[in-house]
Amino acid sequence: MVVARTAVGVASALTVFALSGCSLVRQCEDTTAERGEAEVEVEVENTSGRPMGITAEVVDWRLEPHPQVPDEGDHVHFRLRFDGAETVSRVAVDVCAVDEERVAAGCQLVYASDAGPNRDNIADMWFSVDHPEHVADVLVIPNDQSYVGRTCEEDLKDGGGEHPPARAVVGDQL
């Protein structure tokens with residue numbers, strides 16, 4: 001008798017879930033943000049493409065030997081200013097050296113915390129490229145790359161949602 005009542009109770013509960021539009025199986029869906037337009041100065045965007053109230057600007061750059069490894073030849077040396085990120089240190093953007101056709105020759109991930117308030121919110125960064133003589137400019141991609149949420153493949157139950165676009169790599173057209 002108890003088994004029959006339990007079976008009827010479970011069946012009734014499942015019927016209520018089905019009729020109410022609820023599902024016992026969660027649909028997991030990953031979406032990837034579209035890469036924003038790379039520029040010298042950008043408004044940083046979240047994974048939904050909305051401005052975060054933070055700007056990132058390459059204030060200057062040059063090609064020169066890195067002081068710690070001068071025999072490696074020229075490296076890209078740039079300074080990146082974050083405005084509006086004083087209370088948000090996890091914001092991160094890709095900064096890329098590009099040729100005249102805006103093809104990436106090399107990229108570096110820069111966090112707002114690299115440009116702390118003691119440094120006037122300016123990060124002083126270096127990276128190497130294979131052909132420094134082809135570098136024509138240094139640009140910032142506006143997408144915040146700091147979000148590291150789990151994908152559906154990694155975690156079907158709690159994963160999914162919006163993710164930043166793939167990081168920029170050598171050869172990408174920006």
Side-chain angles (χ1 to χ4, degrees), residues 21-61 63 75-117 119-132 134-174:
C22 294
S23 171
L24 295 177
V25 179
R26 178 182 176 270
Q27 293 289 337
C28 189
E29 186 175 323
D30 287 310
T31 57
T32 302
E34 192 171 312
R35 182 182 287 165
E37 183 75 21
E39 299 292 341
V40 171
E41 181 178 2
V42 299
E43 180 84 21
V44 180
E45 303 171 354
N46 65 16
T47 55
S48 299
R50 292 186 193 98
M52 299 175 66
I54 300 168
T55 58
E57 177 188 10
V58 177
V59 292
D60 63 32
W61 70 273
L63 296 171
H75 284 63
V76 178
H77 180 200
F78 67 95
R79 294 183 333 128
L80 182 72
R81 179 178 37 237
F82 283 95
D83 286 324
E86 293 79 10
T87 61
V88 186
S89 63
R90 291 259 328 146
V91 171
V93 292
D94 277 323
V95 177
C96 298
V98 297
D99 65 14
E100 295 215 5
E101 295 169 359
R102 297 175 59 106
V103 174
C107 298
Q108 174 79 37
L109 183 66
V110 182
Y111 284 87
S113 59
D114 295 330
R119 293 182 281 269
D120 296 325
N121 296 321
I122 296 177
D124 188 19
M125 307 294 285
W126 297 79
F127 65 92
S128 64
V129 295
D130 287 339
H131 298 285
H134 295 153
V135 174
D137 209 348
V138 176
L139 305 175
V140 185
I141 299 173
N143 305 90
D144 178 18
Q145 291 288 342
S146 66
Y147 177 73
V148 288
R150 300 178 62 85
T151 64
C152 292
E153 186 176 313
E154 295 168 328
D155 186 348
L156 186 61
K157 180 179 166 255
D158 296 323
E162 296 176 334
H163 302 280
R167 299 263 327 278
V169 296
V170 173
D172 282 359
Q173 177 73 46
L174 303 179

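Quantities reported herein were computed from a predicted structural model and do not represent experimental measurements.
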Return the [atom1] to [atom2] distance between [X] and [Y], rounded to the nearest 0.5 Å.
| X | Y | atom1 | atom2 | answer |
| --- | --- | --- | --- | --- |
| D99 | H134 | CG | NE2 | 8.0 Å |
| L139 | W61 | CG | CH2 | 9.5 Å |
| L156 | R150 | CG | CZ | 11.5 Å |
| H163 | T31 | NE2 | OG1 | 6.5 Å |
| N121 | E57 | CG | CD | 12.5 Å |
| D83 | E41 | CG | CD | 8.0 Å |

Problem set entry | Check: F78 ring centre within less than 6.0 Å of F127 ring centre |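 Judged by ring-centre distance (under 6.0 Å), F78 and F127 do meet the cut-off.
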Distance-only, no hydrogens or angles: does the [X] side chain make a donor-acceptor pair with backbone N or O of [Y] under 3.5 Å?
| X | Y | answer |
| --- | --- | --- |
| E45 | R35 | no |
| D130 | A105 | no |
| D114 | A123 | no |
| E43 | G53 | yes |
| D144 | S146 | yes |

In the structure I gave you, are the side-chain heavy atoms of [X] and [Y] within less than 4.5 Å of one another anywhere?
| X | Y | result |
| --- | --- | --- |
| L63 | V76 | yes |
| V93 | L80 | yes |
| I141 | V42 | no |
| L109 | Q145 | yes |

Considering all heavy atoms, the nearest [X]-[Y] contact:
| X | Y | result |
| --- | --- | --- |
| A33 | T47 | CB-O, 3.3 Å |
| A38 | R102 | O-NH2, 2.5 Å |
| V40 | V140 | O-CG2, 3.8 Å |
| A97 | V129 | CB-CG1, 4.3 Å |

Exercise. Run the side chain to side chain contact (heavy atoms under 4.5 Å, CB included) check on M52 and V91 step by step: do they pass?
Worked result: CA-CA 10 Å; M52 299 175 66; V91 171; 3.8 Å; yes
For this session: Step by step, work out the side-chain hydrogen bond (donor to acceptor under 3.5 Å, both in side chains) result for H77 and D60.
Result: CA-CA 9 Å; H77 180 200; D60 63 32; over 6 Å; no
Problem set entry | Other residues, nucleotides, ligands: >12 heavy atoms within 6.0 Å of Q173 CD |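 Atom CD in Q173 is crowded, with more than 12 foreign heavy atoms closer than 6.0 Å.
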For this session: Please check if atom CD in E101 has more than 12 non-hydrogen atoms from other residues, nucleotides or ligands closer than 6.0 Å.
Result: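 Not buried by this count: 12 neighbours or fewer within 6.0 Å.
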Problem set entry | Donor-acceptor pair between S48 and E162 side chains, under 3.5 angstrom |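 The answer is yes; a qualifying pair exists.
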